[in-house]
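Read through the structure below, which is laid out as structure tokens, and then see the notes.
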Number of protein chains: 4
Amino acid sequence: MATENQSENNIYRNEEPNGSTRFVSSRIKPKTQKEITEWRKRELVFATLLCVAEKGIHQTTVEEITSRANVSRGLIRHHFKNKQDLMVQACKYLCDDFRMHIDKNVKTNDDPWKALDHLVTTTFETPYFNDVSLAAWFSFWIASRNDDDLKLVYKEYYEWYRGYIHKLFERADKLGQLHTDLDQTIDAFVSMTDGLWLELSIDVTKYSPEYAASVCREFFKAFSQRMPK
Amino acid sequence: MATENQSENNIYRNEEPNGSTRFVSSRIKPKTQKEITEWRKRELVFATLLCVAEKGIHQTTVEEITSRANVSRGLIRHHFKNKQDLMVQACKYLCDDFRMHIDKNVKTNDDPWKALDHLVTTTFETPYFNDVSLAAWFSFWIASRNDDDLKLVYKEYYEWYRGYIHKLFERADKLGQLHTDLDQTIDAFVSMTDGLWLELSIDVTKYSPEYAASVCREFFKAFSQRMPK
Amino acid sequence: MATENQSENNIYRNEEPNGSTRFVSSRIKPKTQKEITEWRKRELVFATLLCVAEKGIHQTTVEEITSRANVSRGLIRHHFKNKQDLMVQACKYLCDDFRMHIDKNVKTNDDPWKALDHLVTTTFETPYFNDVSLAAWFSFWIASRNDDDLKLVYKEYYEWYRGYIHKLFERADKLGQLHTDLDQTIDAFVSMTDGLWLELSIDVTKYSPEYAASVCREFFKAFSQRMPK
Amino acid sequence: MATENQSENNIYRNEEPNGSTRFVSSRIKPKTQKEITEWRKRELVFATLLCVAEKGIHQTTVEEITSRANVSRGLIRHHFKNKQDLMVQACKYLCDDFRMHIDKNVKTNDDPWKALDHLVTTTFETPYFNDVSLAAWFSFWIASRNDDDLKLVYKEYYEWYRGYIHKLFERADKLGQLHTDLDQTIDAFVSMTDGLWLELSIDVTKYSPEYAASVCREFFKAFSQRMPK
DNA sequence: TATGAATGAGTTTTCATTCAT
DNA sequence: AATGAATGAAAACTCATTCAT
């Protein structure tokens, strides 16, 4: 569903005057019927993410999504099989968007520590990892426990993500710069970032993004600079 | 709600023959009316935790809880204001139970690294932190974003928990054995355990408890043994 | 149910410090078991009248009545067949109480206009016709439309009441002091007092009792002093 | 809610073969979707009035209303916020309907006694003041004691009604034809009609409409023709 | 007598889905 | 494609009544 240029066509987070954030579409309503149709479909996905972030999957009603997307209730059926399908597509969009953003910004052929540093900057200090996206993210993730469709979406994403991180730490390890067990280091790091994101998704005021990033950098130092094994 | 001896009166997790886990009450149905009443109330809480772990808060119906507890639907009203109140009480029970267990098993006046090692053992290798409890735990936690009652329960718990961890790392710091910033170390550690628990709650086969514990021990080594600042 | 001396044993209306009125029992809890039992039964009737006045018959729950009477929920069954029976008994009590009060205070062998004047004073200017009693009264009356038991209670009361009024106007008529049709005068008067009570029962501030009484006196003047037929 | 021509579009009372009365819609189910929707909403209001007249507000279930209106249970939500909102709308309809009917039939610039006579004829001898409407009317009115929404509806209606009556009696007074206090006469008259309606609403066989009207006419005579003050 | 735990039928409310226009 | 009226199943909530103690 996510297309190459989805990120360029839309801004899905906006700083509101009151300081909160909000998914919005930056795209002007297009002219041709075909474009309008596609645009409305995307509006439905955005509205879904926003609702899920604000109230959770099961508190979100079709009525709310459609009214937020300024379309009629029945339109859901034209673009999606049902509410469940819409949820899965919205979750996919989120994963694809995160993934695309990291792919674009974090180059794996850099110096591995530099790349990891970049990753941390990218994931904690940009609009891509904001409280709204994170809230939707964790709502979907928790729900995936009882939802095979969502489970599949996350499985694929997680494999990619762990592989990505693996590549970076492995290169550090090969350069002799990692003084701990590779897998355990990766699991420690991935768990820690999950935990940080989770806490931020529940209470965005708990840490500043900068502080969260600096916690990650302490982690890198601790795992790279200690006495040889 | 949680009483001094709640852990002694009940075992709330059981390895089923098929390998899954299940909340059960180890107590025999008592004799006196007063005890039976209290016992049934507890059964309702257990049934709630089990349902929430299996299907999430909003997928759990009152009908399911009561039939699992072998009581009539109306009894909920007798002991709790409504479904929401029951959920909050169940969440409190979980928090109190975790807390009591750690308080009982992890002595803060030990050598801090020993105490932390103990904490890790306690939290990853005992029936208290099992996939069922964790699943309920995260369901409640995620739901707390949109639920002020749950938010309050977690706030109180989290203050206690962070304070607990703080005491341990602070003593290590004072002994000159912590070579990183105290607060960042604590946040890194707490986030990492949250992340490990979260992943285990979604897929209990991802890591063995022993592996999760060893990841934590690597963390301790990394943060204690590296080159002086 | 109502006994000869029910009015002497109890005060069922009390001016609260805040200006509102409230049914209370003036009787001290008696000593002997037999008296206590009777006393509790009366407390249940009072509590019922108060609840019905405040919230209407169908908004009043057994739980509320018993907690207001400071008895356990199950006690209702010992004294009354069920909730419906309690309502009917409470309604009867009210009718009997009104009736006894008028019987006691309005002597039919006085001069008829004096007796009617007395009736008006009695029914608008005493604690017996207060907003609480009236509110319960009309709640029961409206409900009697769909309740044969209540219908019967009111039928009996109304026959007595109309007969009472009839006697008074008839004597005025026989004295040549009534210049209108006897039955129509009676129906006009009874309807007017019903209407006044109804309006007072819904909004006690609408008229002062004195004003309501003076409206009645205007009525007497109008129907007695106009030009001969 | 009530539109200019609601009375023309519908007959809401029908003499059944068995002698009872029944709200019915005289309108044929219309053709266009918009009209059908509006028609169904009105059917729901009619069904509500009928149920309330027959059983009272709290005895009336949503299920009964919708089955009487031949629509599904869920449609209530489509047109009204909830059951309470439907009740309020039905009450408003009743008030508006009474008011429109009187406005249409009773001209205030006639001779005041003629207008009052007309009012009496209109309110006791037409289908607009029938036992069904009156039963619903008093059910709502009594309920308004505990219902702020209904209270508001009645307040507005009552202000109009008393103002209307005031105009008529005031003109009689100015013509020197009223030999009693103006306000007390009005309150006596309004109370008397309330009482007559109330008694008719509880037992329609108590008086014939003609008799009730003649009672009112006696009242006019008594209050207009007696000896000068 | 008196209690209050327990029941379960009855009712309202919610909301995804369907479908005629 | 798009609308929104209409449906009805699912769920929570209410509460009179029952009954063991």
Side-chain angles (χ1 to χ4, degrees), chain A residues 33-34 36-38 40-41 58-67 70-87, chain B residues 31-34 36-41 58-66 70-84 86, chain C residues 33-34 36-37 40-41 58-67 70-87, chain D residues 31-34 36-41 58-66 70-86:
Chain A
Q33 188 54 50
K34 204 181 161 212
I36 289 175
T37 302
E38 194 54 37
R40 276 205 238 258
K41 184 173 176 181
H58 300 289
Q59 273 50 52
T60 294
T61 65
V62 166
E63 158 65 24
E64 267 180 301
I65 294 170
T66 50
S67 86
N70 294 312
V71 297
S72 74
R73 181 178 316 194
L75 194 63
I76 287 234
R77 281 280 288 209
H78 286 284
H79 294 296
F80 306 94
K81 272 215 313 287
N82 49 28
K83 186 189 173 188
Q84 160 75 356
D85 183 37
L86 171 54
M87 288 293 166
Chain B
K31 289 297 187 315
T32 72
Q33 186 55 49
K34 209 184 154 200
I36 290 174
T37 301
E38 197 53 39
W39 171 80
R40 274 203 243 257
K41 185 173 176 180
H58 301 289
Q59 273 49 51
T60 294
T61 67
V62 165
E63 161 64 24
E64 268 179 300
I65 294 169
T66 51
N70 293 311
V71 297
S72 74
R73 190 180 306 196
L75 194 62
I76 291 250
R77 225 340 234 265
H78 199 75
H79 292 295
F80 306 94
K81 274 214 311 287
N82 49 29
K83 186 188 171 188
Q84 160 75 355
L86 171 54
Chain C
Q33 189 53 50
K34 203 180 159 210
I36 290 175
T37 303
R40 277 205 238 257
K41 186 173 176 181
H58 300 290
Q59 273 51 51
T60 294
T61 66
V62 166
E63 159 65 24
E64 266 180 303
I65 294 170
T66 50
S67 86
N70 293 313
V71 298
S72 74
R73 181 179 315 195
L75 195 64
I76 287 233
R77 281 281 287 211
H78 286 283
H79 295 295
F80 305 94
K81 274 215 313 289
N82 49 30
K83 186 189 173 188
Q84 160 75 356
D85 184 36
L86 171 54
M87 288 294 167
Chain D
K31 289 297 188 314
T32 72
Q33 187 55 48
K34 209 182 156 201
I36 291 174
T37 301
E38 197 52 40
W39 171 79
R40 273 202 242 257
K41 185 173 177 180
H58 301 289
Q59 272 49 53
T60 295
T61 66
V62 166
E63 160 63 24
E64 268 179 300
I65 294 170
T66 50
N70 293 312
V71 298
S72 73
R73 189 179 307 194
L75 195 62
I76 290 251
R77 223 346 232 264
H78 198 75
H79 291 297
F80 306 94
K81 271 213 314 289
N82 49 29
K83 185 188 171 186
Q84 159 76 355
D85 183 38
L86 171 54

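In what follows, chains are A, B, ... by sequence order, proteins preceding strands, each numbered from 1.
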| Taking only Watson-Crick and G-U wobble pairs with both distances under 3.5 Å, what dot-bracket line describes DNA chain F, where [ ] shows pairs that cross earlier ones and | shows pairs with another strand? | .||||||||||||||||||||

| request: Please name all residues satisfying side chain to side chain contact (heavy atoms under 4.5 Å, CB included) with C:S67, sequence neighbours left out, ordered by chain then number. | output: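 Result, side chain to side chain contact (heavy atoms under 4.5 Å, CB included) vs C:S67: C:E63.
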
| Can you tell me how far P of F:dC15 sits from CD of C:E64, to the nearest Å? |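 That distance rounds to 8 Å.
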
| remark: To the nearest angstrom, the CD-P distance between A:E38 and F:dA1 comes to 11 Å

| Residue-phosphate contact under 4.0 Å: C:R73 side-chain N/O, F:dA16 OP1/OP2 | no

| Going by heavy atoms in the side chains, are B:K41 and B:T37 under 4.5 Å from each other? |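 No, side chains not in contact.
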
Show the atom names and distances, to 0.1 Å, of all donor-acceptor pairs under 3.5 Å that link a side chain in residues 75-83 of chain A to residues at least two apart or in another chain.
from: A:N82; atom 1: OD1; to: A:Q84; atom 2: N; distance (Å): 3.2
from: A:N82; atom 1: OD1; to: A:D85; atom 2: N; distance (Å): 2.9
from: A:K83; atom 1: NZ; to: A:T60; atom 2: O; distance (Å): 2.8

| Residue whose nearest DNA chain F nucleotide is more 5′ - C:E63 or A:N70 |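 Between the two, 5'-proximity favours A:N70.
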
| task | At the 4.0 Å heavy-atom cut-off to chain A, mark where contacts on DNA chain E begin and end, going 5' to 3'. | result | E:dC15 to E:dT18

| request: Would you mind classifying the nucleic acid contact of C:T60 as base, sugar-phosphate or nothing, using non-hydrogen atoms under 4.0 angstrom? | output: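 Since only primed, P, OP1 and OP2 atoms lie under 4.0 Å of C:T60, the category is sugar-phosphate.
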
| said: Applying side chain to side chain donor-acceptor pair (under 3.5 Å), can you list everything that pairs with B:T66, at least two apart in sequence or on another chain? | reply: none

| note | dist B:T32:OG1 -> B:E38:CD (nearest 0.5 Å) comes out at 10.5 Å

| query | Nearest 0.5 Å, what's the CD1-CZ distance between D:I36 and D:R40? | reply | 6.0 Å

| Taking all atoms of both residues into account, what is the closest heavy-atom pair of D:Q59 and D:E64, and its distance? |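 The answer is O-OE1, 3.6 Å.
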
| query | When the nearest nucleotide of DNA chain E is assigned to B:T37 and to D:Q33 on a heavy-atom basis, which residue is associated with the more 5' position? | reply | B:T37

| Within residues 74-84 of chain B, residues whose heavy atoms come under 4.0 Å of DNA chain E | B:G74, B:L75, B:H78, B:H79

